[in-house]
Amino acid sequence: MPETISATAAPALDKTPGTRTRARARAARNRAILVQTSRALVLLGVIGLWEWLARAAVIDPFNFSMPSKIWDQLKQWALHGTAQGSLWEQIWYTLYEALLGWGIGVVAGVVLGIAFGRVAFLADVLGPYIKVLNALPRIVLAPIFLIWFGLGPASKVASAVVLVFFPVFFNAFQGAREVDRNLVANSRILGASNRQVTLQVVIPSATSWIFTSLHVSFGFALIGAIVGEYIGATKGLGLLVSSSQGTFNAAGVYAAMVILAVVALLAEGLLTFLEKRLFRWKPAQPGEDR
């Protein structure tokens, strides 16, 4: 009889909260390993197929280049520099323009988005103008900024700002509008002023909306800087792309794109890390790794 009781009780012990937590953690680790391995295999498969197609002349290696030539170009730039100077100087120049434009665009978008979301009269009066400006193809403003500000970083920063501002603005505006009205009403009952409601209720509630736009907006900042450099610059990755294209160096064009992709991925990883640190209280969405 005791043996029967212990055998029956064993499965129940496996269902304790601690056991379930460890099982979930183990499953999450296994899934993360599977995802990372699958990503690496997909990348290796694409690179290997590209190299084989170019070497077999299925695709024109002059126009499409091949991964081995792109790697050689990256090594040459890293070890011997570019025609415009050190590769690291070009990367920093573009990154500086993108970061400065991103910072200005984010601050302006958040401030105006929250203001429009809180002040209905302001949104009613200026809202149509914001929509009209958002409908303009902002990339075509880059040549205008080049005329206004010259070949220096100011024209690239301006291009980055106009690309970053609108997604951040609309997310901040929507976040301010989606605040729980009960929270606002309770704050007012407790004697909170408009300023206190904005700073202590509205902005914290809109933070998740704002962070969502940050992931996309940094990529836009890089695009703004690159397009500005491509049109006219003295330094930067966009100038590398333009110079490589002008000399029919497909490997150089792809090499610059690889560098941009790495910079964008690093920025995305940093933003994701900060978001997870700031929103540890947030429940994980289905299928989301946290």
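Quick note: residue numbers are just sequence positions, from 1. We use all heavy atoms of the structure for the numbers below, so side chains are in, but hydrogens, waters and symmetry mates are not.
- By the 4.5 Å heavy-atom criterion applied to side chains, L99 and F218 are counted as neighbours.
- The minimum heavy-atom distance between P67 and E51, with the atom names listed, is CD-OE1, 3.1 Å.
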Donor-acceptor pairs are to be reported for all side-chain atoms of residues 150-165 against protein atoms at under 3.5 Å, with residues two or more places apart or in another chain.
from : atom 1 : to   : atom 2 : distance (Å)
S155 : OG     : G150 : O      : 3.0
S155 : OG     : G152 : O      : 3.2
K156 : NZ     : L151 : O      : 2.7
K156 : NZ     : G152 : O      : 3.3
K156 : NZ     : G232 : O      : 2.7
S159 : OG     : S155 : O      : 3.1

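- Between N249 and Q73 there is a side-chain heavy-atom pair separated by less than 4.5 Å.
- Put simply, CG on L122 and CG on L112 are 8.0 Å apart, with the number rounded to the nearest 0.5 Å.
- Between the CZ atom of F116 and the CD atom of Q174 there is a distance of 14.5 Å, given to the nearest 0.5 Å.
- Contact detail for W77 and A255: the closest heavy-atom pair is CZ3-CB, 3.6 Å.
- Remark: E97 CD to L222 CG distance equals 10.5 Å, nearest 0.5 Å.
- Using a 4.5 Å cut-off on side-chain heavy atoms (C-beta onward), V262 and L266 make contact.
- Using a 4.5 Å heavy-atom threshold, the side chains of I59 and L53 count as touching.
- Panel note: side chain T247, backbone S243; a donor-acceptor pair is recorded below 3.5 Å.
- Listed by chain and number, the residues in a salt bridge (Lys or Arg N to Asp or Glu O under 4.0 Å) with K69 amount to none (sequence neighbours excluded).
- Using bins of under 30°, 30° to 60° and over 60° for the plane-to-plane angle, the ring pair Y96/W92 lands in the tilted bin.
- The cluster map of Ile, Leu, Val, Met, Phe, Trp and Tyr, joined by side-chain heavy atoms under 4.5 Å apart, puts V216 and V107 in different clusters.
- The ring-ring contact (aromatic ring centres under 6.0 Å, His included) analysis of residues 29-75, with sequence neighbours excluded, yields the pairs W50-Y254.
- Put simply, the side chain of S242 never gets that close to the backbone of L239: no donor and acceptor are under 3.5 Å apart.
- When all heavy atoms are compared, the tightest approach of S65 to A250 is CB-CB, 4.0 Å.
- Under the 4.5 Å side-chain heavy-atom criterion for ILVMFWY residues, a single connected hydrophobic cluster contains both V241 and I70.
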Which is it for F166 and F220 under the ring-ring contact (aromatic ring centres under 6.0 Å, His included) test, yes or no, and what are the steps along the way?
CA-CA 10 Å; F166 288 97; F220 286 161; over 10 Å; no
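- Cluster annotation: I223 is not connected to L136 through the hydrophobic network of ILVMFWY side chains, with a link wherever side-chain heavy atoms come within less than 4.5 Å.
- Side-chain contact check for I130 versus F170: some heavy-atom pair is nearer than 4.5 Å.
- Y93 and L146 fall into different hydrophobic clusters, where Ile, Leu, Val, Met, Phe, Trp and Tyr are joined by side-chain heavy atoms under 4.5 Å apart, directly or via other members.
- A distance-only check finds no donor-acceptor pair linking the side chain of S217 to the backbone of V168 [under 3.5 Å].
- Under the 4.5 Å side-chain heavy-atom criterion for ILVMFWY residues, no single connected hydrophobic cluster contains both I114 and V111.
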